[in-house]
Number of protein chains: 2
Amino acid sequence: MHGLAGTTTQAIADRSKISKAKLHYYIDTKDELYRKILEDIYDEWVEMELFHSAGNDLSAKAAISRYISEKLDFSFEQPEKSKIVAIEILSGAPILKEQFSEQKQHTQRAVRVVRRWIKRGEMLDIDPTLLFFMIWGITQHFADAEVEVQSMLGTTSYSAKDRERIKSEVTRFILRGCGISDSE
Amino acid sequence: MHGLAGTTTQAIADRSKISKAKLHYYIDTKDELYRKILEDIYDEWVEMELFHSAGNDLSAKAAISRYISEKLDFSFEQPEKSKIVAIEILSGAPILKEQFSEQKQHTQRAVRVVRRWIKRGEMLDIDPTLLFFMIWGITQHFADAEVEVQSMLGTTSYSAKDRERIKSEVTRFILRGCGISDSE
DNA sequence: GTCTATAAGACGATAGAC
DNA sequence: GTCTATCGTCTTATAGAC
């Protein structure tokens, strides 16, 4: 993963197994291609249901568990996508900045859901927005810092066992952090 | 923050308010400069005491709280440094990879400290390495995803109030996640 | 639609005067 | 040590034949 400047059109063409000229037949500029890819990924990213899921009648425990599971699956299975977005945000989000407002709306809806859980006594009184940051930080770390994580785990890819263990530990950790009882 | 390929020597020279030629008087190649900066930051990064702090007699609660506080301060005060390392790791850590072994040793020592806490009943039985990943993921997110976080908080920089609130919420969240009693 | 060839410019690095 | 000028290379993008 190298971001916009770190990748050449030649490399893109090579990986697509087409010529550079052919690539330019389909796209106008490299920037445009980058922007398109980025927006596609970000849409997929934002639309990952953040608690206002299937039915609003899910318990806090069920909804949060499911969201963590989905986010971790995304990190395990499509780390490249996570990384592309990460580089864009690290760089100050010159392109995605405009779309933050869209995300804000999604998040506001999720904030209200969390507030309801808190009122109902399903979880502790935690700032919902900060809770999202923590969940994002943890789950995305397994994609973005893949090399470091795997190096320390002594592997070169996440085995099915690794995934289960991580998912289980992370879920229980976050649920406890939310003050949601660990036992069934 | 743009990584190695994303920054031109011209930009570096401009920001240093010297000419491009003068820059090349002090450094040989751009790669060399990048490597030097990276290794300096990473050393500072790794040496941030990870639990095997001052005295080994610190309680789990005190040691973890202190570490979170230090990491968050670093994220708030020197986000650029965090970002440079983040980009390097996102890119597969071509340069830092060799130094991972050093970090592994630091981490192994910290793992033993955590194991002791668990044996003593100071905290729940959590995989220490995964715990580190979660703490790193959360704390670094406030630096690396700065734009996104601040955009959602409705600010353009972390105020003293923001910092206190984040630090307090994050610390309590993680301590609860570790099964360490919230009250005094 | 797909190719070869090349234009046009950006960039890292150096030469050489002062 | 610091400057101006420039070389050589890499890269994006286009022109034009087929």
Side-chain angles (χ1 to χ4, degrees), chain A residues 1-45 78-99 144 146-147, chain B residues 1-45 78-99 144 146-147:
Chain A
M1 215 56 39
H2 311 92
L4 176 63
T7 310
T8 65
T9 52
Q10 185 64 65
I12 297 171
D14 286 352
R15 252 199 303 195
S16 313
K17 281 167 188 166
I18 59 176
S19 70
K20 209 167 61 174
K22 198 173 175 180
L23 177 67
H24 276 289
Y25 176 76
Y26 291 108
I27 62 156
D28 276 2
T29 66
K30 190 183 158 191
D31 286 55
E32 187 203 325
L33 175 63
Y34 179 67
R35 180 183 293 266
K36 258 181 195 152
I37 292 173
L38 206 53
E39 287 175 353
D40 282 357
I41 298 176
Y42 196 66
D43 284 347
E44 187 181 353
W45 185 271
Q78 311 193 299
E80 329 76 31
K81 290 190 183 174
S82 181
K83 286 179 190 175
I84 290 173
V85 173
I87 288 189
E88 162 71 7
I89 291 178
L90 268 168
S91 308
I95 293 172
L96 286 183
K97 219 169 202 166
E98 307 158 16
Q99 311 204 337
D144 301 343
E146 206 182 6
V147 262
Chain B
M1 214 57 39
H2 311 92
L4 175 63
T7 309
T8 64
T9 52
Q10 186 64 64
I12 298 170
D14 286 352
R15 252 199 305 195
S16 312
K17 280 166 189 169
I18 60 175
S19 69
K20 209 167 63 173
K22 196 174 176 179
L23 177 68
H24 275 289
Y25 176 74
Y26 291 110
I27 61 156
D28 276 2
T29 66
K30 192 184 158 190
D31 285 56
E32 185 204 325
L33 175 62
Y34 178 65
R35 181 184 291 267
K36 256 181 198 154
I37 292 173
L38 205 53
E39 288 175 352
D40 281 358
I41 298 176
Y42 196 66
D43 283 348
E44 187 180 352
W45 184 273
Q78 312 194 300
E80 328 78 31
K81 290 190 184 175
S82 181
K83 287 179 190 175
I84 291 173
V85 174
I87 288 189
E88 162 71 7
I89 291 178
L90 268 169
S91 308
I95 293 172
L96 284 183
K97 219 167 200 168
E98 308 159 14
Q99 312 205 336
D144 302 343
E146 204 183 5
V147 263

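Quick note on labels: first sequence line is chain A, next is B, and so on, each numbered from 1. Source: prediction; values computed, not measured.
Note: OH (B/Y25) to P (C/dG12) measures 21 Å, nearest angstrom. Between the P atom of D/dT2 and the CD1 atom of B/I18 lies a distance of 9 Å, rounded to the nearest Å. Spacing between atom CG of B/D28 and atom C1' of C/dA13 amounts to 10 Å, rounded to whole angstrom units. In this structure, CD of B/Q10 is placed 15 Å from C1' of C/dG9, rounded to the nearest angstrom. Computed from coordinates, the A/L23 CG to C/dC3 C1' distance equals 14 Å when rounded to whole Å. Between A/I27 atom CD1 and D/dT14 atom C1' there is a gap of 13 Å when expressed in whole angstrom units. One interatomic measurement links the two molecules: NE2 of B/H24 to C1' of C/dG16, which rounds to 16 Å at whole-angstrom precision. At whole-Å resolution of the value, CG in A/D14 and P in D/dT12 are 11 Å apart.
Evaluated for a side chain to side chain contact (heavy atoms under 4.5 Å, CB included) with A/I95, the options A/L38, A/D31, A/L4 yield exactly one hit, A/L38.
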_Steps toward side chain to side chain donor-acceptor pair (under 3.5 Å) verdict (A/E88, A/Y42)_ = CA-CA 10 Å; A/E88 162 71 7; A/Y42 196 66; over 6 Å; no
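Looking at B/K22, its side chain has no donor and acceptor atom pair within 3.5 Å of the base of D/dG1.
For the residue pair A/V147 and B/G92, the shortest heavy atom distance occurs at CG1-O, 3.8 Å. Summarising the geometry of A/I87 relative to A/G3, their closest heavy-atom pair is CD1-N, 3.6 Å, with the distance given to 0.1 Å.
Residue B/T8 has no polar side-chain atom (N or O) positioned under 4.0 Å from OP1 or OP2 of C/dC11. Using a 4.0 Å cut-off, some side-chain N or O of B/T9 falls inside it from OP1 or OP2 of C/dG12. Residue B/Y26 has a polar side-chain atom (N or O) positioned under 4.0 Å from OP1 or OP2 of D/dT2.
Of the candidates D/dC3, D/dA13, D/dT12, D/dA13 carries the atom nearest the A/T29 side chain, counting heavy atoms from C-beta on. Taking only side-chain atoms of B/K30, from C-beta outward, the nucleotide of D/dA13, C/dA13, D/dT11 with the closest atom is C/dA13.
Remark: side-chain polar atoms of A/K30 are paired, donor with acceptor, to backbone N or O of A/T7 under 3.5 angstrom.
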